[in-house]
Amino acid sequence: MKLLTTIRRFPQRFALLTALALISLFATAPAAMAAPSQAQKCANTDVKCVITFGDNLIVARQTALDKLADSVTALQQKHHISDVEADALHTDIKTNRDGLTDIKTKLDAETSAQAARQDIKNVYEQLRIFAVVLPRDARHLHMDVEVTLADKLRDLEQHLQQVVNNDNDDRKAKLTDLFNDYKAAVTDAESQVDIAQAVFPMLTVANFNANHAAFGADLHNLSNAEQRIHTDLHKAASDLHQIAQLLKSK
Amino acid sequence: MNWIIRTRRWSILVLAMLLLVLSLTIAACGQASQQGSSNNTNSSGSYSTSQQSTSQGNDSTQIQNADQDVQSQIQSLDKTQNDVTNSGSMQDDGQMP
């Protein structure tokens, strides 16, 4: 009897499973079909195929650069980076965007697959947008925010000192501890900024092409310095917040 | 004789009225000047106890504002840190068609 019920229900279950399978197929098909486009292989003499491949490659890099440029503008408008810092980054982004446009113009006019392939190679080897430009400029933007914040915290120091000195309540000891911690964090952040700034000139496409390992080591050192500044600034900001809360509680 | 006495009385009355007006004017001027000087003292900030608490209140407000500003910058700091992490996820792998 149980077996009969199972068999009778089988077509319903089968229909349900088929429906689920179809839904998942339709949901994943576009992604599955899009994936090979980047890895597509063109015939040796198929110029159009090579050009399409190269154009997609260039668009991906242009989009990433535009996104970075938008971030720079947004932070400049908030005054979280200076105008000079924003201009320097915008200039670098524009130089690389122009480089991509030049290669695209050349690529689109190619009549031989071999020449088109060389243009694609140039996108990698001459511009290195993903390997050098974006990692470097994203770090530079991060450091610019760090420097602006460190300057602001340093400027606040004198005022905080006055407030702590003038405080006569029993919270003075706590305020003094927080303020000393704040000063130490800002000082440490500033020392790391000097280290980070010394690394940036080494992060070039030429250095990447000449010695990939040395470039990787420089990038690693820069990341370490920036991470330490980041942690220091978080610490100082937390101290400031606690000082503000203590003063508010009076 | 009556005429002389009446004239003297009127003179005294007018003089008294003038003295009253003068004293009221002087009193009003003195009050105004005292009010002005007390305002000046507050703005220059030197000795009153209420002034000291106002100064501490201002300090606190300034630090609250600075704190808010810094917290906003911390958000930008975290966002750019994420962008740094994401920038490493894309590669120039040299893939050719």
Side-chain angles (χ1 to χ4, degrees), chain A residues 38-42 46 49-50 52-54 57 60 64 68 71 75 78 80-81 116-117 120-121 123-125 127-132 134-135 137-139 141-142 144-146 148-149 152-153 156 159-160 162-163 166-167 223 226-227 230 233-234 236-237 240-241 243-245 247-248 250, chain B residues 28-97:
Chain A
Q38 190 70 281
Q40 76 190 66
K41 285 287 170 194
C42 302
D46 192 348
C49 175
V50 177
T52 305
F53 181 94
L57 205 80
L68 179 66
S71 295
L75 290 167
K78 287 180 181 174
H80 290 179
I81 59 170
R117 282 194 170 89
I120 290 170
K121 207 175 168 196
V123 172
Y124 293 128
E125 292 180 0
L127 297 176
R128 298 274 184 212
I129 304 292
F130 285 161
V132 174
L134 284 169
D137 288 2
R139 280 170 178 76
L141 182 59
H142 182 232
D144 290 343
V145 176
E146 289 178 329
T148 309
L149 181 53
K152 178 165 282 178
L153 294 171
L156 263 173
H159 187 60
L160 282 171
Q162 271 179 340
V163 170
N166 293 341
D167 200 84
S223 295
E226 286 204 23
Q227 186 53 53
H230 189 92
L233 294 176
H234 261 277
L240 175 66
H241 187 65
I243 290 171
Q245 294 303 308
L247 292 171
K248 201 177 174 182
K250 191 177 182 184
Chain B
C29 284
Q31 199 173 13
S33 125
Q34 198 178 17
Q35 214 164 24
S37 89
S38 87
N39 283 345
N40 284 345
T41 307
N42 280 344
S43 65
S44 65
S46 56
Y47 46 81
S48 75
T49 49
S50 67
Q51 191 277 328
Q52 196 179 358
S53 74
T54 309
S55 163
Q56 280 176 352
N58 285 343
D59 282 341
S60 175
T61 308
Q62 278 177 23
I63 288 169
Q64 310 298 326
N65 292 341
D67 177 41
Q68 279 179 7
D69 203 16
V70 166
Q71 294 309 320
S72 158
Q73 266 180 276
I74 285 287
Q75 284 175 8
S76 295
L77 193 70
D78 291 343
K79 190 196 168 296
T80 51
Q81 171 83 325
N82 279 340
D83 290 346
V84 167
T85 308
N86 292 335
S87 75
S89 64
M90 296 172 287
Q91 292 295 318
D92 279 329
D93 51 10
Q95 201 170 45
M96 295 300 283

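Here is the naming used below: chain letters follow the sequence lines, and residue numbers restart at 1 for every chain.
- Of all the listed residues (Val84(B), Leu77(B), Asn86(B), Asp69(B)), the one sharing the greatest number of non-hydrogen pairs under 4.5 Å with chain A is Leu77(B).
- Between Pro97(B) and Lys41(A), the closest side-chain pair of non-hydrogen atoms is not below 4.5 Å.
- Looking at every heavy atom in both residues, Ser87(B) comes nearest to Arg139(A) through OG-NH1, 4.0 Å.
- To the nearest 0.5 Å, atoms CG (Leu141(A)) and OG (Ser76(B)) are separated by 9.0 Å.
- Evaluated for a side-chain contact (heavy atoms from CB on, under 4.5 Å) with Ile74(B), the options His230(A), His80(A), His234(A) yield exactly one hit, His234(A).
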Quick one: do Gln81(B) and Gln227(A) satisfy side-chain contact (heavy atoms from CB on, under 4.5 Å)? Show the steps, please. CA-CA 9 Å; Gln81(B) 171 83 325; Gln227(A) 186 53 53; 2.4 Å; yes
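- Of all heavy-atom pairs spanning His142(A) and Thr80(B), the tightest one is CD2-OG1, 3.0 Å.
- Looking at Gln71(B), the atoms closer than 4.5 Å to chain A (heavy atoms on both sides) all sit in the side chain, from C-beta outward.
- Note on Lys78(A), Glu226(A), Arg128(A): by heavy-atom pairs under 4.5 Å with chain B, the leading option is Arg128(A).
- With a 4.5 angstrom heavy-atom cutoff, Leu149(A) touches chain B via backbone and side-chain atoms both.
- Interface residue Leu134(A): backbone and side-chain heavy atoms are both found under 4.5 Å from chain B.
- Checked by atom type and distance alone, the side chain of Tyr124(A) never pairs as donor or acceptor with a backbone atom of Met96(B) at under 3.5 Å.
- Residue Gln95(B) holds its CD atom at 10.5 Å from CD1 of Ile120(A), rounded to the nearest 0.5 Å.
- Within the 4.5 angstrom heavy-atom criterion, no atom of Ile81(A) approaches chain B.
- Taking chain B as the reference chain and counting heavy-atom pairs below 4.5 Å, the highest number among His159(A), Lys121(A), Glu146(A) is found for His159(A).
- Checked by atom type and distance alone, the side chain of Gln64(B) pairs as donor or acceptor with a backbone atom of Ala244(A) at under 3.5 Å.
- The distance from the CG atom of Leu233(A) to the CD atom of Gln73(B) is 9.5 Å, given to the nearest 0.5 Å.
- In this structure, CD1 on Ile63(B) lies 5.0 Å from CG on Leu247(A), to the nearest 0.5 angstrom.
- Proximity to chain B (any heavy atom under 4.5 Å) is shown, for Ser223(A), by neither the backbone nor the side chain.
- Between the OG atom of Ser60(B) and the NZ atom of Lys248(A) there is a distance of 8.5 Å, given to the nearest 0.5 Å.
- Taking each heavy atom of Asp83(B) and Ala138(A) in turn, the nearest pair found is O-CB, 4.2 Å.
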